[in-house]
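Written below as C-alpha coordinates is the structure these notes are about.
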2 protein chains.
Amino acid sequence: MDQAKQPGFSRCNNATLRRAARSLGRFYDDALAPTGLKSTQFGLLFQIHISSEPAMGTIAEALIMDLSALGHTLKPLIRDGYVETFADKDDRRVKRVRLTPRGEAKLDEAIRLWGVAQQQFEDKVGAEQAAKLRAALDAVADLDLEMPAAAPSN
Amino acid sequence: MDQAKQPGFSRCNNATLRRAARSLGRFYDDALAPTGLKSTQFGLLFQIHISSEPAMGTIAEALIMDLSALGHTLKPLIRDGYVETFADKDDRRVKRVRLTPRGEAKLDEAIRLWGVAQQQFEDKVGAEQAAKLRAALDAVADLDLEMPAAAPSN
DNA sequence: TCCAATTAGTGGCATATGCCACTTTCATCG
DNA sequence: CGATGAAAGTGGCATATGCCACTAATTGGA
(Lines give C-alpha, C1' and ligand atoms only; values in the text may rest on other atoms or scores of the structure.)
Protein backbone atom coordinates (compact mmCIF):
# COMPACT_ATOMS: atom_id res chain seq x y z
CA MET A 1 0.00 0.00 0.00
CA ASP A 2 1.07 3.47 -0.77
CA GLN A 3 3.00 5.17 1.95
CA ALA A 4 0.88 8.18 1.11
CA LYS A 5 -2.19 6.35 2.28
CA GLN A 6 -0.85 5.05 5.55
CA PRO A 7 -2.74 6.18 8.65
CA GLY A 8 0.03 8.42 9.94
CA PHE A 9 0.64 10.03 6.59
CA SER A 10 0.95 13.75 6.75
CA ARG A 11 0.97 16.01 3.76
CA CYS A 12 4.17 17.68 2.70
CA ASN A 13 4.75 20.80 4.74
CA ASN A 14 6.79 22.29 1.97
CA ALA A 15 4.24 21.67 -0.77
CA THR A 16 1.50 23.12 1.40
CA LEU A 17 3.59 26.19 2.05
CA ARG A 18 4.38 26.75 -1.60
CA ARG A 19 0.77 26.29 -2.57
CA ALA A 20 -0.29 28.96 -0.13
CA ALA A 21 2.53 31.19 -1.31
CA ARG A 22 1.39 30.93 -4.91
CA SER A 23 -2.14 31.73 -3.94
CA LEU A 24 -1.38 34.66 -1.69
CA GLY A 25 1.31 35.88 -4.04
CA ARG A 26 -1.16 36.29 -6.81
CA PHE A 27 -3.44 38.31 -4.58
CA TYR A 28 -0.74 40.74 -3.55
CA ASP A 29 0.60 40.85 -7.10
CA ASP A 30 -2.80 41.86 -8.36
CA ALA A 31 -3.04 44.55 -5.74
CA LEU A 32 0.34 45.96 -6.69
CA ALA A 33 -0.13 45.56 -10.42
CA PRO A 34 -0.99 49.25 -10.97
CA THR A 35 2.49 50.15 -9.71
CA GLY A 36 4.20 47.77 -12.10
CA LEU A 37 5.86 46.06 -9.17
CA LYS A 38 5.58 42.41 -8.22
CA SER A 39 4.94 41.64 -4.58
CA THR A 40 8.44 40.24 -4.37
CA GLN A 41 9.94 43.46 -5.66
CA PHE A 42 7.82 45.42 -3.24
CA GLY A 43 9.13 43.31 -0.40
CA LEU A 44 12.67 43.83 -1.54
CA LEU A 45 12.28 47.59 -1.87
CA PHE A 46 10.72 47.67 1.54
CA GLN A 47 13.51 45.69 3.10
CA ILE A 48 16.06 48.05 1.62
CA HIS A 49 14.00 51.00 2.76
CA ILE A 50 13.93 49.95 6.39
CA SER A 51 17.62 49.10 6.41
CA SER A 52 20.51 51.54 6.38
CA GLU A 53 22.18 51.17 3.03
CA PRO A 54 22.48 47.43 3.64
CA ALA A 55 25.12 45.25 2.05
CA MET A 56 23.78 42.68 -0.36
CA GLY A 57 24.72 39.88 1.96
CA THR A 58 22.80 41.53 4.76
CA ILE A 59 19.65 41.73 2.69
CA ALA A 60 20.02 38.17 1.50
CA GLU A 61 20.35 37.00 5.06
CA ALA A 62 17.35 38.98 6.27
CA LEU A 63 15.17 37.60 3.50
CA ILE A 64 16.74 34.15 3.72
CA MET A 65 17.50 34.16 0.07
CA ASP A 66 20.51 33.16 -1.95
CA LEU A 67 22.95 35.98 -2.50
CA SER A 68 23.12 35.39 -6.21
CA ALA A 69 19.33 35.21 -6.39
CA LEU A 70 19.22 38.58 -4.72
CA GLY A 71 21.62 39.93 -7.29
CA HIS A 72 19.41 38.69 -10.10
CA THR A 73 16.25 40.04 -8.51
CA LEU A 74 17.85 43.41 -7.99
CA LYS A 75 18.67 43.89 -11.64
CA PRO A 76 15.28 44.93 -12.96
CA LEU A 77 14.93 47.32 -10.03
CA ILE A 78 18.26 48.91 -10.82
CA ARG A 79 17.43 48.98 -14.51
CA ASP A 80 14.20 50.83 -13.72
CA GLY A 81 16.03 53.29 -11.52
CA TYR A 82 14.45 52.37 -8.20
CA VAL A 83 17.62 51.13 -6.60
CA GLU A 84 21.30 51.90 -6.83
CA THR A 85 24.39 50.26 -5.46
CA PHE A 86 27.72 51.58 -4.32
CA ALA A 87 30.88 50.12 -2.91
CA ASP A 88 31.44 50.05 0.82
CA LYS A 89 34.06 52.54 1.91
CA ASP A 90 36.06 50.15 4.03
CA ASP A 91 35.66 46.85 2.27
CA ARG A 92 35.71 46.90 -1.47
CA ARG A 93 34.21 43.45 -1.64
CA VAL A 94 30.99 44.74 -0.09
CA LYS A 95 28.35 46.31 -2.27
CA ARG A 96 25.74 48.39 -0.52
CA VAL A 97 22.25 49.12 -1.75
CA ARG A 98 19.89 52.05 -1.38
CA LEU A 99 16.66 53.33 -2.90
CA THR A 100 16.84 56.23 -5.31
CA PRO A 101 14.41 59.12 -4.79
CA ARG A 102 12.41 57.57 -7.55
CA GLY A 103 12.50 54.27 -5.71
CA GLU A 104 11.27 55.92 -2.51
CA ALA A 105 8.40 57.48 -4.41
CA LYS A 106 7.49 54.20 -6.04
CA LEU A 107 7.61 52.48 -2.69
CA ASP A 108 5.26 55.06 -1.20
CA GLU A 109 2.88 54.51 -4.04
CA ALA A 110 3.10 50.76 -3.60
CA ILE A 111 2.65 50.88 0.15
CA ARG A 112 -0.75 52.45 -0.33
CA LEU A 113 -1.94 49.63 -2.56
CA TRP A 114 -0.23 47.05 -0.41
CA GLY A 115 -2.14 48.41 2.55
CA VAL A 116 -5.43 47.71 0.87
CA ALA A 117 -4.47 44.12 0.17
CA GLN A 118 -3.02 43.62 3.60
CA GLN A 119 -6.20 45.01 5.15
CA GLN A 120 -8.32 42.83 2.94
CA PHE A 121 -6.36 39.82 4.10
CA GLU A 122 -6.51 40.69 7.75
CA ASP A 123 -10.22 41.35 7.53
CA LYS A 124 -10.69 37.85 6.22
CA VAL A 125 -8.49 35.91 8.59
CA GLY A 126 -8.45 38.29 11.51
CA ALA A 127 -5.50 40.42 12.59
CA GLU A 128 -4.94 38.13 15.52
CA GLN A 129 -4.76 35.02 13.38
CA ALA A 130 -2.63 36.74 10.79
CA ALA A 131 -0.12 37.73 13.42
CA LYS A 132 -0.02 34.18 14.73
CA LEU A 133 0.47 32.83 11.26
CA ARG A 134 3.33 35.21 10.60
CA ALA A 135 4.91 34.22 13.89
CA ALA A 136 4.59 30.56 12.97
CA LEU A 137 6.08 31.19 9.56
CA ASP A 138 8.96 33.11 11.06
CA ALA A 139 9.59 30.24 13.40
CA VAL A 140 9.63 27.82 10.51
CA ALA A 141 11.90 30.07 8.49
CA ASP A 142 14.35 30.29 11.35
CA LEU A 143 14.32 26.61 12.22
CA ASP A 144 17.81 25.37 11.95
CA LEU A 145 16.90 22.32 9.94
CA GLU A 146 19.59 20.01 8.77
CA MET A 147 19.60 16.65 7.16
CA PRO A 148 21.02 13.81 9.29
CA ALA A 149 24.14 14.06 7.16
CA ALA A 150 23.55 10.70 5.46
CA ALA A 151 25.76 8.80 7.85
CA PRO A 152 28.80 7.66 5.91
CA SER A 153 28.54 3.89 6.28
CA ASN A 154 32.13 3.19 7.25
CA MET B 1 6.22 59.34 9.60
CA ASP B 2 6.66 56.07 7.85
CA GLN B 3 3.54 54.07 7.64
CA ALA B 4 5.73 51.11 8.33
CA LYS B 5 6.50 52.48 11.74
CA GLN B 6 2.96 53.26 12.77
CA PRO B 7 1.72 51.51 15.90
CA GLY B 8 -0.68 49.22 14.08
CA PHE B 9 1.79 48.28 11.40
CA SER B 10 1.82 44.63 10.62
CA ARG B 11 4.40 42.96 8.49
CA CYS B 12 3.48 41.77 5.04
CA ASN B 13 1.80 38.41 5.21
CA ASN B 14 2.91 37.61 1.72
CA ALA B 15 6.56 38.48 2.29
CA THR B 16 6.60 36.43 5.47
CA LEU B 17 5.10 33.49 3.64
CA ARG B 18 7.60 33.67 0.81
CA ARG B 19 10.49 33.94 3.18
CA ALA B 20 9.41 30.82 4.98
CA ALA B 21 8.87 29.09 1.65
CA ARG B 22 12.38 29.89 0.52
CA SER B 23 13.79 28.61 3.77
CA LEU B 24 11.81 25.41 3.94
CA GLY B 25 12.19 24.87 0.23
CA ARG B 26 15.92 24.73 0.54
CA PHE B 27 15.67 22.16 3.28
CA TYR B 28 13.45 19.84 1.29
CA ASP B 29 15.49 20.48 -1.83
CA ASP B 30 18.63 19.41 -0.03
CA ALA B 31 16.92 16.30 1.20
CA LEU B 32 15.79 15.38 -2.29
CA ALA B 33 19.01 16.38 -4.00
CA PRO B 34 20.29 12.80 -4.27
CA THR B 35 17.31 12.00 -6.49
CA GLY B 36 17.97 14.90 -8.81
CA LEU B 37 14.47 16.20 -8.14
CA LYS B 38 13.56 19.60 -6.74
CA SER B 39 10.98 19.65 -3.99
CA THR B 40 8.58 21.29 -6.41
CA GLN B 41 9.00 18.51 -8.92
CA PHE B 42 8.51 15.96 -6.18
CA GLY B 43 5.30 17.67 -5.22
CA LEU B 44 4.13 17.65 -8.78
CA LEU B 45 4.97 13.99 -9.34
CA PHE B 46 3.20 13.16 -6.12
CA GLN B 47 0.09 15.08 -7.10
CA ILE B 48 -0.03 13.24 -10.40
CA HIS B 49 0.56 9.97 -8.62
CA ILE B 50 -2.39 10.34 -6.28
CA SER B 51 -4.70 11.49 -9.05
CA SER B 52 -6.16 9.37 -11.80
CA GLU B 53 -4.52 10.49 -15.00
CA PRO B 54 -5.53 14.05 -14.23
CA ALA B 55 -6.03 16.70 -16.87
CA MET B 56 -3.54 19.54 -16.74
CA GLY B 57 -6.20 21.95 -15.65
CA THR B 58 -7.15 19.66 -12.80
CA ILE B 59 -3.59 19.56 -11.53
CA ALA B 60 -3.19 23.29 -11.88
CA GLU B 61 -6.34 23.83 -9.89
CA ALA B 62 -5.33 21.43 -7.14
CA LEU B 63 -1.96 23.09 -6.77
CA ILE B 64 -3.37 26.56 -7.28
CA MET B 65 -0.92 27.27 -10.00
CA ASP B 66 -1.19 28.88 -13.38
CA LEU B 67 -1.97 26.40 -16.15
CA SER B 68 0.85 27.68 -18.30
CA ALA B 69 3.23 27.53 -15.36
CA LEU B 70 2.28 23.93 -14.90
CA GLY B 71 3.01 23.29 -18.54
CA HIS B 72 6.45 24.80 -18.18
CA THR B 73 7.18 22.90 -14.99
CA LEU B 74 6.12 19.67 -16.56
CA LYS B 75 8.60 19.92 -19.41
CA PRO B 76 11.76 18.84 -17.63
CA LEU B 77 9.85 15.94 -16.08
CA ILE B 78 8.64 14.83 -19.49
CA ARG B 79 12.08 15.34 -20.96
CA ASP B 80 13.57 13.10 -18.27
CA GLY B 81 10.93 10.47 -18.89
CA TYR B 82 9.15 10.63 -15.56
CA VAL B 83 5.87 11.83 -16.93
CA GLU B 84 3.94 11.44 -20.14
CA THR B 85 0.84 13.07 -21.52
CA PHE B 86 -1.94 11.88 -23.75
CA ALA B 87 -5.11 13.32 -25.18
CA ASP B 88 -8.41 12.74 -23.47
CA LYS B 89 -10.65 10.34 -25.33
CA ASP B 90 -13.75 12.51 -25.25
CA ASP B 91 -12.41 16.02 -25.38
CA ARG B 92 -9.44 16.57 -27.60
CA ARG B 93 -8.70 19.87 -25.92
CA VAL B 94 -7.90 18.07 -22.71
CA LYS B 95 -4.42 16.71 -22.14
CA ARG B 96 -4.07 14.14 -19.41
CA VAL B 97 -0.94 13.34 -17.47
CA ARG B 98 0.46 10.21 -15.89
CA LEU B 99 3.71 8.95 -14.43
CA THR B 100 5.77 6.55 -16.48
CA PRO B 101 7.09 3.42 -14.76
CA ARG B 102 10.34 5.26 -14.47
CA GLY B 103 8.50 8.16 -12.90
CA GLU B 104 6.85 5.86 -10.38
CA ALA B 105 10.22 4.42 -9.46
CA LYS B 106 11.76 7.82 -9.10
CA LEU B 107 8.86 8.93 -6.94
CA ASP B 108 9.30 5.93 -4.68
CA GLU B 109 12.94 6.77 -4.31
CA ALA B 110 12.12 10.39 -3.57
CA ILE B 111 9.40 9.55 -1.07
CA ARG B 112 11.96 7.80 1.08
CA LEU B 113 14.19 10.85 1.24
CA TRP B 114 11.23 13.15 1.57
CA GLY B 115 10.11 11.14 4.57
CA VAL B 116 13.36 11.82 6.35
CA ALA B 117 13.04 15.56 5.82
CA GLN B 118 9.37 15.55 6.73
CA GLN B 119 10.15 13.63 9.89
CA GLN B 120 12.99 15.97 10.72
CA PHE B 121 10.64 18.89 10.35
CA GLU B 122 7.89 17.37 12.42
CA ASP B 123 10.33 16.44 15.13
CA LYS B 124 11.36 20.06 15.37
CA VAL B 125 7.96 21.73 15.34
CA GLY B 126 5.83 18.87 16.56
CA ALA B 127 3.41 16.85 14.45
CA GLU B 128 0.52 18.62 16.09
CA GLN B 129 1.84 22.07 15.27
CA ALA B 130 2.80 21.05 11.76
CA ALA B 131 -0.72 19.83 11.11
CA LYS B 132 -2.14 23.09 12.42
CA LEU B 133 0.22 25.07 10.26
CA ARG B 134 -0.75 23.11 7.17
CA ALA B 135 -4.40 23.65 7.98
CA ALA B 136 -3.81 27.37 8.37
CA LEU B 137 -1.93 27.49 5.09
CA ASP B 138 -4.67 25.60 3.32
CA ALA B 139 -7.18 28.06 4.69
CA VAL B 140 -5.11 30.95 3.41
CA ALA B 141 -4.66 29.32 0.03
CA ASP B 142 -8.39 28.81 -0.34
CA LEU B 143 -9.39 32.24 0.92
CA ASP B 144 -10.95 33.64 -2.24
CA LEU B 145 -9.43 37.05 -1.77
CA GLU B 146 -10.37 39.77 -4.14
CA MET B 147 -9.37 43.37 -4.45
CA PRO B 148 -12.18 45.91 -3.91
CA ALA B 149 -12.29 46.29 -7.70
CA ALA B 150 -10.79 49.80 -7.64
CA ALA B 151 -14.13 51.55 -7.87
CA PRO B 152 -14.20 53.33 -11.23
CA SER B 153 -14.51 56.98 -10.22
CA ASN B 154 -17.18 58.01 -12.69
C1' DT C 1 -26.44 23.98 -39.20
C1' DC C 2 -23.36 27.84 -38.45
C1' DC C 3 -21.36 31.42 -35.71
C1' DA C 4 -20.26 33.47 -30.99
C1' DA C 5 -18.62 32.53 -26.53
C1' DT C 6 -16.12 29.41 -23.66
C1' DT C 7 -12.59 26.11 -22.40
C1' DA C 8 -7.89 23.90 -22.44
C1' DG C 9 -3.39 24.36 -23.69
C1' DT C 10 0.89 26.41 -25.88
C1' DG C 11 4.63 29.74 -26.60
C1' DG C 12 6.91 33.85 -25.72
C1' DC C 13 8.56 37.01 -22.40
C1' DA C 14 9.82 38.46 -17.72
C1' DT C 15 10.76 37.88 -12.99
C1' DA C 16 12.02 34.63 -8.91
C1' DT C 17 15.44 31.56 -6.98
C1' DG C 18 19.21 28.31 -6.49
C1' DC C 19 23.69 26.13 -7.27
C1' DC C 20 28.28 26.27 -8.96
C1' DA C 21 32.51 28.09 -10.70
C1' DC C 22 35.10 32.21 -10.68
C1' DT C 23 37.31 36.78 -9.51
C1' DT C 24 38.43 40.23 -6.31
C1' DT C 25 39.41 41.56 -1.61
C1' DC C 26 40.48 40.79 2.97
C1' DA C 27 42.26 38.59 6.87
C1' DT C 28 45.74 35.32 8.89
C1' DC C 29 49.80 33.25 9.88
C1' DG C 30 54.45 31.88 9.39
C1' DC D 1 55.73 40.56 3.40
C1' DG D 2 53.98 36.51 0.70
C1' DA D 3 51.03 32.30 0.50
C1' DT D 4 46.57 30.56 2.11
C1' DG D 5 42.01 30.42 3.10
C1' DA D 6 37.71 32.97 3.89
C1' DA D 7 34.26 36.35 2.43
C1' DA D 8 31.31 38.95 -0.98
C1' DG D 9 29.67 39.26 -5.40
C1' DT D 10 29.04 38.06 -10.43
C1' DG D 11 27.63 35.23 -14.37
C1' DG D 12 25.95 31.26 -16.39
C1' DC D 13 22.63 27.68 -16.39
C1' DA D 14 18.29 25.55 -14.90
C1' DT D 15 13.89 25.36 -12.84
C1' DA D 16 9.57 27.92 -10.91
C1' DT D 17 5.73 30.89 -11.97
C1' DG D 18 2.79 34.37 -14.08
C1' DC D 19 0.55 37.01 -17.72
C1' DC D 20 -0.81 37.64 -22.38
C1' DA D 21 -1.85 36.58 -27.00
C1' DC D 22 -3.09 32.69 -29.80
C1' DT D 23 -4.87 28.25 -31.59
C1' DA D 24 -7.76 24.31 -31.40
C1' DA D 25 -11.98 22.15 -29.72
C1' DT D 26 -16.45 22.38 -27.65
C1' DT D 27 -20.67 24.12 -26.36
C1' DG D 28 -24.73 27.03 -26.97
C1' DG D 29 -27.91 29.02 -29.06
C1' DA D 30 -30.28 31.60 -33.29
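So you know, we letter chains A, B, ... as the sequences are listed, proteins then strands, and number each from 1.
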If you restrict it to nitrogen or oxygen atoms, what contacts under 3.5 Å exist between nucleotides 14-21 of chain C and the protein, and what is each distance?
unit_1: C:dT15; atom_1: OP1; unit_2: A:Arg79; atom_2: NH1; d: 3.1
unit_1: C:dT15; atom_1: OP1; unit_2: A:Arg79; atom_2: NH2; d: 2.8
unit_1: C:dA16; atom_1: OP1; unit_2: A:Thr40; atom_2: OG1; d: 2.5
unit_1: C:dA16; atom_1: O3'; unit_2: B:Arg18; atom_2: NH2; d: 3.1
unit_1: C:dT17; atom_1: OP1; unit_2: B:Arg18; atom_2: NE; d: 2.9
unit_1: C:dT17; atom_1: OP1; unit_2: B:Arg18; atom_2: NH2; d: 2.8
unit_1: C:dT17; atom_1: OP1; unit_2: B:Arg22; atom_2: NH1; d: 3.1
unit_1: C:dG18; atom_1: OP2; unit_2: A:Asp66; atom_2: N; d: 2.9
unit_1: C:dG18; atom_1: O6; unit_2: A:His72; atom_2: NE2; d: 3.1
unit_1: C:dC19; atom_1: OP2; unit_2: A:Asp66; atom_2: OD1; d: 3.2
unit_1: C:dC19; atom_1: N4; unit_2: A:Ser68; atom_2: OG; d: 2.3

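- For the segment residues 85-94 of chain B, residues with any heavy atom less than 4.0 angstrom from an atom of DNA chain C are, sorted by number, B:Arg93, B:Val94.
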As a quick check of understanding, evaluate side-chain contact (heavy atoms from CB on, under 4.5 Å) for B:Tyr28 and B:Phe121, giving each step before the final call. CA-CA 10 Å; B:Tyr28 277 83; B:Phe121 179 86; 4.0 Å; yes

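- Taking the charged nitrogens against the carboxylate oxygens, B:Asp138 and A:Arg19 do have a contact shorter than 4.0 Å, which makes a salt bridge.
- Residue pairs meeting the side-chain hydrogen bond (donor to acceptor under 3.5 Å, both in side chains) criterion with at least one partner in residues 65-76 of chain B, sequence neighbours excluded, are B:Asp66-B:Ser68.
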Should A:Asp88 and A:Arg93 be marked as a salt bridge (Lys or Arg N to Asp or Glu O under 4.0 Å) after you check the CA-CA gap, both sets of side-chain angles, and the distance that decides it? CA-CA 8 Å; A:Asp88 181 274; A:Arg93 286 173 304 181; over 6 Å; no

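- A salt bridge links A:Arg98 with A:Glu53: at least one charged nitrogen is closer than 4.0 Å to a carboxylate oxygen.
- Side-chain contact check for A:Val125 versus A:Leu133: every heavy-atom pair is 4.5 Å or farther apart.
- Using a 4.0 Å cut-off between charged side-chain N and carboxylate O, B:Glu122 and B:Arg134 make a salt bridge.
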